[in-house]
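Only one structure is covered here, and it is reproduced in the block below.
Residue indices begin at 1 and follow the sequence shown. In listed order, ligands and their atoms are each counted from 1.
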Amino acid sequence: MPQPVFRFAPSPNGLLHLGHALSAILNFDMARAAGGRLILRIEDIDATRCRPEYEAAIYEDLAWLGIEWEQPVRRQSEHLDEYRSVLAKLDALRLSFPSFESRTEISRMVADRQSHARWPHDPDGAPLYPGWARGMATEEREARIARGEPYAIRLDMIRAMEWAGPLRWSESGAGPRGESGESGEVAAEPAAWGDVILGRKETPTSYHLSVAIDDALQGVTHVVRGQDLFWSTSVHRVLQAVLDLPTPAYHHHRLILDADGRKLSKSMRATGLRELRADGATPGDIRAMIGV
Ligand code: GLU
């Protein structure tokens with residue numbers, strides 16, 4: 001059997017908190033227990049929100065927690081050409097299309113449709129793409145791109161699902177709402193996402209696209225991440241299927257919630273690793289706080 005490969009993949013858009021500590025520690029411990037490798041991937045495609053000082057803080061905080069990872073670290077922003085070439089491949093397969101509506105136009109279209117019935121929303125709460133750009137004539141597409149209009153590249157979900165057929169993944173963690181008992185095979189539900197965005201004119205990738213590509217490229221065999229990403233796996237499965245990429249095993253873990261039952265955010269001081277450390281907490285205290 002090949003050596004298992006785990007990964008922790010934070011975005012350097014803020015300081016790490018207890019939720020990240022749980023993810024990182026679970027990956028580290030599970031990799032150790034399986035005799036596997038742990039890689040660290042910096043998911044920094046959002047140039048407006050990611051900062052080098054947050055990346056430096058990630059390394060420092062993880063090292064303080066006692067986590068060891070392999071070098072070199074893959075930084076997604078250094079691989080935009082690879083993502084661009086996968087987008088070109090999806091375009092050649094006619095599995096993607098550019099759409100030109102602004103966010104405001106999309107909101108207006110959704111509001112219009114909702115006057116008849118509730119328009120479906122994806123698992124993250126965003127409305128499904130309501131537009132018709134899938135059917136736009138090639139000449140019009142090309143003319144609008146040549147005019148420099150902004151656009152998003154979307155997956156043609158219906159075609160991609162037809163191409164891929166029914167999909168499943170193996171799950172050993174918590175369900176989408178943190179409940180146990182979801183372990184085993186999960187049927188992917190990619191239709192729930194509609195024509196998801198895979199890239200934009202100015203950034204030739206998205207979270208979904210780069211995660212699917214990188215997990216394959218880095219030989220990741222085990223994806224251990226928060227249950228908030230549970231249903232994202234449906235999109236990743238479709239991309240793996242149409243791009244002929246291997247499927248890792250998945251383990252979605254419980255989230256650490258604040259006193260009001262909300263997901264932790266990077267701006268919340270009370271649960272930040274830096275603050276806890278400054279207040280005298282040890283790595284052992286952090287483990288005890290998050291129950292690992
Ligand atoms: N970069 C994502 C985050 O920080 C995690 C991606 C993943 O584990 O698939 O939320």
Side-chain angles (χ1 to χ4, degrees), residues 4-31 38-51 54-55 57-59 61-62 65 67 69 73-80 83 123-126 169-174 176 178 186 188 190 193 196-198 203 205-240 245-257 262-268 271-273:
V5 180
F6 290 72
R7 82 335 185 247
F8 177 55
S11 298
N13 54 13
L15 294 169
L16 299 188
H17 54 57
L18 289 175
H20 299 105
L22 176 62
S23 227
I25 291 174
L26 281 178
N27 270 290
F28 180 62
D29 289 355
M30 288 169 83
L38 175 64
I39 57 178
L40 176 63
R41 185 165 72 224
I42 298 294
E43 302 211 323
D44 60 347
I45 54 174
D46 184 350
T48 57
R49 297 176 61 218
C50 294
R51 306 243 181 288
Y54 291 137
E55 185 182 325
I58 288 172
Y59 301 139
D61 291 350
L62 292 181
L65 280 175
I67 287 168
W69 61 91
V73 166
R74 181 175 171 94
R75 205 182 272 125
Q76 290 184 326
S77 60
E78 291 170 355
H79 298 273
L80 297 183
Y83 306 130
D124 282 348
W169 78 81
S170 119
E171 173 68 47
S172 61
V186 178
W193 291 92
V196 279
I197 293 181
L198 297 180
T203 313
T205 190
S206 62
Y207 160 65
H208 294 305
L209 186 71
S210 37
V211 99
I213 296 173
D214 287 358
D215 283 341
L217 211 74
Q218 297 191 284
V220 171
T221 57
H222 291 73
V223 171
V224 177
R225 62 185 174 196
Q227 77 191 48
D228 50 332
L229 294 169
F230 188 90
W231 286 119
S232 296
T233 314
S234 295
V235 180
H236 306 163
R237 286 293 296 110
V238 172
L239 291 171
Q240 287 156 2
L245 305 174
T247 310
Y250 289 87
H251 180 99
H252 292 91
H253 61 73
R254 66 191 157 87
L255 300 179
I256 305 286
L257 302 175
R262 281 185 309 244
K263 216 184 117 180
L264 300 186
S265 83
K266 286 186 172 159
S267 54
M268 244 161 28
T271 53
L273 296 183

(message) Any heavy atom of Tyr207 closer to ligand 1 than 4.0 angstrom?
(response)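 Yes, that is the case, since the closest heavy atom of the residue is under 4.0 Å from the ligand.
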Pull out every atom of ligand 1 sitting under 4.0 Å from any heavy atom of [X], numbered as shown with elements.
X: Arg7; value: 7 (C), 8 (O), 9 (O)
X: Val211; value: 9 (O)
X: Glu43; value: 1 (N), 2 (C), 5 (C), 6 (C)

(request) Kindly assign one of parallel, tilted or perpendicular to the pair Tyr83 and His79, based on the angle between their ring planes and the thresholds 30° and 60°. (result)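 Geometry flag for His79 against Tyr83: perpendicular rings.
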If only side-chain N and O atoms count, and only distance matters, is there a donor-acceptor pair under 3.5 Å linking [Y] with [X]?
X: His208; Y: Ser232; value: no
X: Arg7; Y: Gln218; value: no
X: Arg225; Y: His252; value: yes

(message) Residue-level breakdown please: for Val223 versus ligand 1, do any non-hydrogen atoms fall below 4.0 Å on the side chain, on the backbone, on both, or on neither?
(response)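 It is neither part, as no heavy atom is under 4.0 Å.
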(request) Would you name the heavy atoms of Ile45 and Thr203 that are closest together and state the gap between them? (result)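 Smallest heavy-atom distance, with atoms named: O-CG2, 3.8 Å.
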(request) Between Ser232, Gly226, Ser11, flag the one that comes closest to atom 3 (C) of ligand 1 by a heavy atom. (result)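 Checking each option, the heavy atom nearest atom 3 (C) of ligand 1 is found in Ser11.
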(request) Keeping to residues at least two apart or across chains, list the salt bridge (Lys or Arg N to Asp or Glu O under 4.0 Å) pairs with something in residues 231-240. (result)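 Residue pairs passing salt bridge (Lys or Arg N to Asp or Glu O under 4.0 Å), neighbours aside: none found.
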(message) Does ligand 1 come near enough to Ala9 that some N or O of the ligand is less than 3.5 Å from an N or O of the residue?
(response)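 So ligand 1 has an N or O lying under 3.5 Å from an N or O of Ala9.
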